[in-house]
Amino acid sequence: MTRWAWVGRLAGFVALFMACAFVFFIGAALLTGSLGAGSSPVLDWWTVLPGLAAAFAATWVLAVTIDGRPLAWLGLRGGRRGAVELVLGSLAGMAIVGATILVLALAGWVSWSAGTHGGVLMALEVSLLLLAAAFAEELLFRGYPFRVLEGRFGPAVALGATSVAFGLLHGGNPGIGPLALVNLTLAGVMLGVAYWRSRSLWFVGGLHFGWNWALAASGLSVSGIEVSISGLDPVVSGPPLWTGGTFGPEGGLTATFLTALGTVWLWRIAGSGRGG
């Protein structure tokens, strides 16, 4: 890659993503009659699918069509290997967030009561939505942009830049504060380390999905957005500095420490995929 080629590649990727996202979101809004509605984050197919489609379109055009790279270069390997990586990543994400929730429960800062459950089909739909949303964000940050920055500047710059961008992406989420913004940036570092070490977008997409799924299964907010799978009604009574308050665990110091420990753990278990 020439000295400034990375600028054109990233600019092209961002421009194409924004153009596709605009078209897809407008199309979805027209179909649902929601054009001009409020901009509060909502998790449904009409908001998730346009973003995922736009991210994949930008990735395909820049990585495959222009650069001539196979999707495997981004870590999207086909067959059984990709499926295994997705499952392992999902389990790792659930484990890290599960540990965070467990600490909060053992401290007596969160408890649950039975609420209204939407049924198995509703839980499956929400799970699929979380999976699609996770992959949309991973394509945007740990996919083509990460590889371009890494190829030009090395992994440290790629990790730093994509993690900051990932944190800022959530800057408009309901109830976000400075600590939550820091934690989401640290989560970006964790995801970036997992991608760099595993060189698998399936693994890191699963990690992201498992993280969000575990929060939704507990009934706690996912980055400030209320998403429920199990129907459990959580009662958060501990100090917001540690619990994250209404934003969810990602806004508290408990998540800060567990994310840091999770990053070290992933460094060790994800293998080394720095080649290729």
Side-chain angles (χ1 to χ4, degrees), residues 1-30 35 39 41 45-78 82 131-173 184-185 187-209 273-276:
M1 187 182 299
T2 59
R3 184 175 182 181
W4 294 104
W6 67 276
V7 177
R9 282 172 165 79
L10 288 185
F13 180 86
V14 172
L16 185 56
F17 168 75
M18 292 181 67
C20 289
F22 177 79
V23 172
F24 296 155
F25 276 116
I26 291 296
L30 290 173
L35 191 63
S39 57
W45 290 114
W46 298 105
T47 55
V48 171
L49 283 185
L52 177 60
F56 186 79
T59 299
W60 183 271
V61 171
L62 269 295
V64 179
T65 304
I66 295 178
D67 287 358
R69 299 280 193 174
L71 290 177
W73 176 70
L74 294 171
L76 288 172
R77 291 174 281 269
L131 181 63
F135 267 92
E137 293 187 5
E138 292 315 305
L139 282 169
L140 277 178
F141 297 104
R142 260 68 61 176
Y144 186 75
F146 189 102
R147 292 307 308 261
V148 169
L149 289 169
E150 181 189 26
R152 177 63 181 88
F153 299 104
V157 171
L159 273 169
T162 56
S163 299
V164 170
F166 179 77
L168 293 176
L169 174 73
H170 299 84
N173 283 27
L184 290 170
T185 302
V189 173
M190 179 191 72
L191 292 163
V193 166
Y195 180 58
W196 179 47
R197 295 288 290 174
S198 69
R199 193 59 81 213
S200 171
L201 208 56
W202 290 120
F203 181 83
V204 75
L207 177 67
H208 193 155
F209 161 70
R274 287 173 284 179

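Predicted model, so just to flag it, every value in this text is computed and none were measured.
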Separation between CG of Leu49 and CZ of Phe25, rounded to the nearest 0.5 Å: 9.5 Å
Ser200 versus Arg77, closest heavy-atom pair with distance: CB-NH2, 3.4 Å
ring-ring contact (aromatic ring centres under 6.0 Å, His included) partners of Phe166, counting only residues at least two apart: Phe141, His170, His208
Considering all heavy atoms, the nearest Ala194-Phe203 contact: CB-CE2, 4.0 Å
Residues forming a side chain to side chain contact (heavy atoms under 4.5 Å, CB included) with Ala132, sequence neighbours excluded: Trp45, Val48, Leu52
Expected list for residues 55-66: side-chain donor-acceptor pairs under 3.5 angstrom, two or more places apart:
from  : atom 1 : to    : atom 2 : distance (Å)
Thr59 : OG1    : Ala55 : O      : 2.8
Thr65 : OG1    : Trp60 : O      : 3.4

Closest approach of Trp6 to Val148 (non-hydrogen atoms, all atoms of both residues): CB-CG1, 3.7 Å
Whether Arg142 side chain and Val204 backbone form a donor-acceptor pair below 3.5 Å: no
Where Gly51 and Phe17 come nearest, the two heavy atoms and their spacing: O-CE1, 3.7 Å
Nearest-0.5 Å distance, CZ of residue Arg147 to OG1 of residue Thr162: 12.5 Å
Cation over ring face, Arg199 and Tyr195, 6.0 Å, 45°: yes
Heavy-atom pair with the smallest gap, counting every atom of Cys20 and Ala54: CB-CB, 3.8 Å
Residue Phe153 excluded, over 12 heavy atoms near CZ under 6.0 Å: yes
OG1 on Thr185 to CG on Leu168, rounded to 0.5 Å: 6.5 Å
Spacing of Phe13 atom CZ and Arg9 atom CZ [to the nearest 0.5 Å]: 13.5 Å
Note, Leu71 side chain near Leu201 side chain (heavy atom, < 4.5 Å): no
Student check: side-chain heavy atoms of Leu74 and Arg69 closer than 4.5 Å: no
Inter-residue atom distance Leu191.CG - Glu137.CD, 0.5 Å rounding: 9.0 Å
Heavy-atom pair of closest approach, residues Gly205 and Phe135: CA-CZ, 3.8 Å
Test applied, side chain to side chain contact (heavy atoms under 4.5 Å, CB included); reference residue, Tyr144; option that passes from Asp67, Leu149, Leu139: Asp67
